Amino acid sequence: FEDAFTATYNNVDNNVYEYHWKLVNNQGNNISSSNANIFNINTSSLSAADTGSLYHISLTISDKEHGTSKYIWKSFRVLPKMAEISIYDTIFTYDGTAKQVSVLLDNQNLNYSITYNGTTALPVNAGIYEVVASITSDNYKGSATAHMIINKATAPIVFSNLVQNF
């Protein structure tokens, strides 16, 4: 989901044209329009529901001098923008409390979810857990996988009262 793109009609014959750009969604609703030879489309103004939707951009070019018109159209699909997410702080020692990895995002305003072996429950017991962190913010996608290890704790053995008098 890129922030914007530009559509341009190159006037190679230097005629005086009248331009009319139109951006419509799959239901035929007008999203944006312009009467210049360059049409800047700000996709960040599209709603979250627009991700994955098909759009049509059309251009009607009228040659007023010669009384002719051209109609050009193209379709495009709005795709989610990739976001970087990484997992760190993945090694722990068992102490009876729940453990949670840390996540780093390239865009701190994004929401994400974390699963441990496919569940959102934080692990407590010693073992190896598959961790998946996924972007959940609209119009963005990205995920990372890592292994979290909770090592067994060492149990101290204390001997006491070893000397007995008989």
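Predicted, not measured: the structure shown is a model, and the values here were computed from it.
For the atom pair CG (L104) and OH (Y112), the distance works out to 9.5 Å, reported to the nearest 0.5 Å. Rounded to the nearest 0.5 angstrom, K141 NZ and I135 CD1 are separated by 12.0 Å. Put simply, CG on N111 and OG1 on T136 are 4.5 Å apart, with the number rounded to the nearest 0.5 Å. Rounding to the nearest 0.5 angstrom, the gap separating the CG atom in L105 from the CD1 atom in I85 is 5.0 Å. To the nearest 0.5 Å, atoms OH (Y140) and CG (D106) are separated by 9.0 Å.
Contact record, S134 with V132: OG-CG1, 3.7 Å, taken as the closest heavy-atom pair. Considering every non-hydrogen atom in both A144 and I87, the closest pair reads O-CD1, 3.5 Å. Taking all atoms of both residues into account, the shortest heavy-atom contact from N109 to S137 is O-OG, 4.4 Å.
Two residues are said to be in side-chain contact when any heavy atoms from C-beta on lie closer than 4.5 Å; T90 and H147 fail this criterion. Side-chain contact between N151 and I91: present, with at least one pair of heavy atoms (C-beta onward) separated by less than 4.5 Å. A 4.5 Å side-chain heavy-atom check between D89 and V101 finds every atom pair outside the cut-off. Proximity of F92 to M148: side-chain heavy atoms (C-beta onward) are separated by under 4.5 Å at one or more points. By the 4.5 Å heavy-atom criterion applied to side chains, I150 and T93 are not counted as neighbours. For the pair Y94/K99, no side-chain contact is recorded, criterion being any heavy-atom separation below 4.5 Å from C-beta on.
Residues V103 and V131 share a hydrophobic cluster, clusters being chains of Ile/Leu/Val/Met/Phe/Trp/Tyr side chains in contact below 4.5 Å.
Sparse packing is recorded around CD1 of I128, with 12 or fewer heavy atoms of other residues, nucleotides or ligands lying under 6.0 Å away.
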